[in-house]
There are 4 protein chains.
Amino acid sequence: MHDGPEPIQDIAHLGHVEILTPKPEQSLWYFRDLLGMEVVHTGERSVYLRGYGDYAASTVKLSEAGQPGVGCIAWRTVSEAALERRARAIEAAGQGIGWTNGDFGHGRSYRFRDPDGHVMELYFEEMKYQAPEALRSTLKNLPQKFTGRGAAVRRIDHLALLASDVAKNRDFAERVLGFRLREQVRYDNGKTEIGSWLSANPVHHQLAYVVDAKGGHGRLHHFSMWVDNREDVLRAADILAEAGIFIEAGPSKHNNSQGFYLYSYEPGGNRIEVYSGSYLVFAPDWQPVTWNEEERGTGVYWGGALPPSFIDYATPDIDAAQPAKVPVFDPH
Amino acid sequence: MHDGPEPIQDIAHLGHVEILTPKPEQSLWYFRDLLGMEVVHTGERSVYLRGYGDYAASTVKLSEAGQPGVGCIAWRTVSEAALERRARAIEAAGQGIGWTNGDFGHGRSYRFRDPDGHVMELYFEEMKYQAPEALRSTLKNLPQKFTGRGAAVRRIDHLALLASDVAKNRDFAERVLGFRLREQVRYDNGKTEIGSWLSANPVHHQLAYVVDAKGGHGRLHHFSMWVDNREDVLRAADILAEAGIFIEAGPSKHNNSQGFYLYSYEPGGNRIEVYSGSYLVFAPDWQPVTWNEEERGTGVYWGGALPPSFIDYATPDIDAAQPAKVPVFDPH
Amino acid sequence: MHDGPEPIQDIAHLGHVEILTPKPEQSLWYFRDLLGMEVVHTGERSVYLRGYGDYAASTVKLSEAGQPGVGCIAWRTVSEAALERRARAIEAAGQGIGWTNGDFGHGRSYRFRDPDGHVMELYFEEMKYQAPEALRSTLKNLPQKFTGRGAAVRRIDHLALLASDVAKNRDFAERVLGFRLREQVRYDNGKTEIGSWLSANPVHHQLAYVVDAKGGHGRLHHFSMWVDNREDVLRAADILAEAGIFIEAGPSKHNNSQGFYLYSYEPGGNRIEVYSGSYLVFAPDWQPVTWNEEERGTGVYWGGALPPSFIDYATPDIDAAQPAKVPVFDPH
Amino acid sequence: MHDGPEPIQDIAHLGHVEILTPKPEQSLWYFRDLLGMEVVHTGERSVYLRGYGDYAASTVKLSEAGQPGVGCIAWRTVSEAALERRARAIEAAGQGIGWTNGDFGHGRSYRFRDPDGHVMELYFEEMKYQAPEALRSTLKNLPQKFTGRGAAVRRIDHLALLASDVAKNRDFAERVLGFRLREQVRYDNGKTEIGSWLSANPVHHQLAYVVDAKGGHGRLHHFSMWVDNREDVLRAADILAEAGIFIEAGPSKHNNSQGFYLYSYEPGGNRIEVYSGSYLVFAPDWQPVTWNEEERGTGVYWGGALPPSFIDYATPDIDAAQPAKVPVFDPH
């Protein structure tokens, strides 16, 4: 019988994500009319949205900005005590920024940066969504009527961040935040960590780090929304294609994560995924699945290869200051 | 800011379930050829199986018995320390049986009875499935080749047990085991607890207690297997219908749980569900959804009403010793 | 080698159907907002609509009327010569009404009544749909953008009419119009013809006659719209349920026709089906499949039995003047 | 009112296709175990198969041969008289070979060559499939039990042939056989006919001619099988991938035809498609949709571009004797 240390179980789930856009009106059209999300609140330079199956008051904050990218990424803890514990651990790791008084939909939060510079926060207090009369569902356990508008994404699922040093960020997520590692891509006989997929709960991954081929910092590869069936992803492709949205890849199936993906660019420039499939990981002693160059291949299980933009493009877009020091890679 | 007690997070997931059958050959045909599970081990009076997406060595133990029903229900803990903690708590609650040396696929376990008398166990050590050459998947993160045989169920999902006193069993599951309550049906202005759906992880429910209309003890309402898409449930219905299996209800959609269900009777007499849909619950402060008589209705969201057998029949089948003392109810 | 007579191949397909409603505004909401059809033209007391995949200018004419029911049912011929031939044959059969100058979307037509009294017409000249800029598809072979609104029905598919004498109407459809018989329900050792499903093309049936249990005339059992996948039917059920529409039966699968059905009542009272599955019949010498009482059963392959209203209710609704002289039957 | 000539309606549907393979055992494994077809008869060097929803005794004849490719392609007529009429027309066109005494599953046939040299035949007399006890369906209108084995293709759908002169073959199919043109690809301001999709019934196309980039004759681009839902195509991809079959393209969606495709190579080398979606054409005056270079693009609506092999490879494979005289093109 082995006696490992007790697992850290302080983070419950991805809470909300701030998406930055230089084209707020068109981005809002994409998230509301094409993905089918609901607007729940409007701030000075931000609109707050959620999917029909998100129980929280808001899960996406769409904020006007000079460039596309990801703003603050929020994780919810399992309790106030867990929030305090993680805040102390982050501070001790030298990554803390400090406490905030909260925002629409949630109470005080502890802000910090991951080693690559992405801004994140932890919080526990959360406002639940209360549907107005017109959006009340005939299902008592559904926070809002299923309107079926657009792709009708159910809820937020995960995000993939670029990082110049994947190992460092993955280690921080595991050791300090308590995320569990699910899959990895490692090149050069395992010496070079190219991508890591992590989660704090049975969802396969809610956070991925993949190497930034241009050596940038704090960039977003993609942000992903869940639909319940593969057929919903196909339907989303039809809707996006009719709306003139650029579909970069899919619908198709990744080998790692087994995710059934559809990547498009919202008008502000961010890569957004409509997603289903994958698998849940329940085992507390899950052994991370590691893929080498050959096994990883093009990152697809079937369907056409991912296009070069899938490696080259992220938000904000940058010029490679110098030749990439890391191997070129297909992140997802 | 509220400061509740720290949540118990010691149980990870449903580990494996023993199904009793008086017709072992025919039941095996049902699980292997119709549901598409794989046989991994054979004991004296038992066959051990798993779904193509179950990572453990075995998740279903099919055992010959005089009557159908459920044998031992096993839950995996998050660690050895968690196993010890829960064993002590159960012992303190007066429900303990004692330690075992394990069985095929898992190490020592702590056995106990829930207040209604169902036998359960907790364990941590688990053998992972290693596919033989012929069943090795082309996907490195899939424990076994997707053969597509029969309904091709991916993994075990949950079970629903009958109990003479739902409240007592629900309370034990919450307080002693650390399950979280997700939904309830309560009649008589909330005074009579008719059914409760619970889980130890984000899966909506892995354990349900529903009132035993015949006043029995230790009985099984149904055991459920997951498929990834609603279309897979429809396809399963076609396959079971062609095999002459009795389809009791569905494919259709429940209102509580939002589960997309298909109930059939395996040849041994147990009610087995092929299941998809429903929703994940990530919130640590989830407020249980409660349905009264009117809201609950027939338990279906759309599709035909559930047949009387859905209330009257469970395994082992019994004569009602006396007129049911509890309200008649549609469990799922 | 056998030498049968040459088959009649003069009718191409169901062209358009007039639906009568006492609640034109609410019915329009149902067809436009819930089923997702487009309004293409407005007359004095009628609105003309089509599905996103209907190539004709209009396929549904929704007309205000005192009672719900079906108005004129139009079939398109393969040529002008075929139109003339069929007009002569109908006239010779004593069922003719006469020529019209056409209506929005089609040229002159020959009107007639089937033996039960339903008004029908034949026409050849047809206006094709030309999408306005905002509805132009990115697919050159799709008449209109896939908007994904509501259930997003693709095209009209078939209708089922009640008739006091099924045999007489079926015979007229076969002999005079050239429809081919696909399936039948016959009771009393084949002596009583309860229902007949017919088509003029490989679609399994575009016209069904089923016995009117109340002895009425000219009534509509249901009118049916096609979606491409079974998943689309399930999705339609979610949308209709959220809109408070009465779902009478399904989603489920019929045994005869193998159709995957969802029956709801539009606000005007007519039974409308969202439909997929079934099968195409290509064989010119297809042998009609006949079901007796026992084989027919409840008319469902799996899923709950059809409710009594499925037999009792049709539009316009009538009181049974006298006890039904025909066997009670589940039409679809 | 216009008065065109009466349409030719003598051909009912694609009857059966002979597939040539140098690896008969492995090809049989592909069609039987992976696609899920049933073996109905065995000849000296041929095995006869059908899909679970094919009503004819056989629809695929798999024949051992030195090279892969297509053997005889059979079309069923609507009557004996129609058979005689078409035989005379073909003879008059100088393409006739002569009458045969039939083969397993059908009576006498009239053999001929299309202008490119593909061998075809017409027949009317057909043996219907009678399922043995073990394969009898619980559905009276289904010729055989739905076994759900492998991809479980329902029926044959269409084939695409390469031709050095598309216009000549398309003209022969229209004028002599009575096929209707559905879509075309034309380059050089319409002067160069690159591909034509035709059918004798409402199925979008049962026969396609696309230009042979290598200047060959009598070659097969692909042969296609139908499944009812897009999800079935995705599932087929999982099954083929697990079996180690080379997936060349898809699952994805074509722009022309709107077909949802999955192309793989059976072990004998022929390109086989698992197919769903597309659309039915009912209009007798359908105006063919024509795509130019720009509109046609890569031939996909969404998903990755088709690979070069989709243009370069057909069966039997040949070396380009000389630089292709025709524009390079993506046929499907």
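Chain letters run A, B, ... following the sequence lines, proteins first and then strands; every chain starts at 1. Model, not experiment: these values are computed from the prediction.
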Which donor-acceptor pairs lie under 3.5 Å between chain B and chain C?
{"residue": "B:Arg230", "atom": "NE", "partner": "C:Glu231", "partner atom": "OE1", "Å": "3.4"}
{"residue": "B:Arg230", "atom": "NE", "partner": "C:Glu231", "partner atom": "OE2", "Å": "3.4"}
{"residue": "B:Arg230", "atom": "NH1", "partner": "C:Asp238", "partner atom": "OD2", "Å": "3.2"}
{"residue": "B:Arg230", "atom": "NH2", "partner": "C:Glu231", "partner atom": "OE2", "Å": "2.9"}
{"residue": "B:Glu231", "atom": "OE1", "partner": "C:Arg230", "partner atom": "NE", "Å": "3.4"}
{"residue": "B:Glu231", "atom": "OE2", "partner": "C:Arg230", "partner atom": "NE", "Å": "3.3"}
{"residue": "B:Glu231", "atom": "OE2", "partner": "C:Arg230", "partner atom": "NH2", "Å": "2.9"}
{"residue": "B:Asp238", "atom": "OD1", "partner": "C:Lys253", "partner atom": "NZ", "Å": "2.8"}
{"residue": "B:Asp238", "atom": "OD1", "partner": "C:Trp302", "partner atom": "NE1", "Å": "2.9"}
{"residue": "B:Asp238", "atom": "OD2", "partner": "C:Arg230", "partner atom": "NH1", "Å": "3.2"}
{"residue": "B:Asp238", "atom": "OD2", "partner": "C:Lys253", "partner atom": "NZ", "Å": "3.3"}
{"residue": "B:Gly250", "atom": "O", "partner": "C:Gly303", "partner atom": "N", "Å": "3.3"}
{"residue": "B:Lys253", "atom": "NZ", "partner": "C:Asp238", "partner atom": "OD1", "Å": "2.8"}
{"residue": "B:Lys253", "atom": "NZ", "partner": "C:Asp238", "partner atom": "OD2", "Å": "3.3"}
{"residue": "B:Trp302", "atom": "NE1", "partner": "C:Asp238", "partner atom": "OD1", "Å": "2.9"}
{"residue": "B:Gly303", "atom": "N", "partner": "C:Gly250", "partner atom": "O", "Å": "3.3"}

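Heavy-atom distances place both the backbone and the side chain of B:Leu234 under 4.5 Å from chain C. Neither the backbone nor the side chain of C:Ala249 comes within contact range of chain B; no heavy atom of the residue lies under 4.5 Å from a heavy atom of that chain.
Residues B:Leu159 and B:Leu207 are in side-chain contact: their nearest non-hydrogen atoms beyond the backbone lie under 4.5 Å apart. The closest side-chain heavy-atom distance from B:Phe223 to B:Ile156 is below 4.5 Å.
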- Item | Residues B:Leu34, B:Ile245; criterion side chain to side chain contact (heavy atoms under 4.5 Å, CB included); working and verdict | CA-CA 9 Å; B:Leu34 302 187; B:Ile245 292 295; 3.5 Å; yes
- List the steps, then state whether side chain to side chain contact (heavy atoms under 4.5 Å, CB included) holds for C:Val60 with C:Val17. CA-CA 5 Å; C:Val60 171; C:Val17 174; 5.5 Å; no
- Message: As a quick check of understanding, evaluate side chain to side chain contact (heavy atoms under 4.5 Å, CB included) for B:Ile194 and B:Val166, giving each step before the final call.
- Response: CA-CA 7 Å; B:Ile194 294 292; B:Val166 170; over 6 Å; no
- Item | Pair B:Leu262-B:Ile247, side chain to side chain contact (heavy atoms under 4.5 Å, CB included): steps then yes or no | CA-CA 7 Å; B:Leu262 166 64; B:Ile247 293 179; 3.7 Å; yes
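In terms of heavy-atom proximity, C:Pro68 sits nearest to C:Gly268 at CB-O, 3.2 Å.
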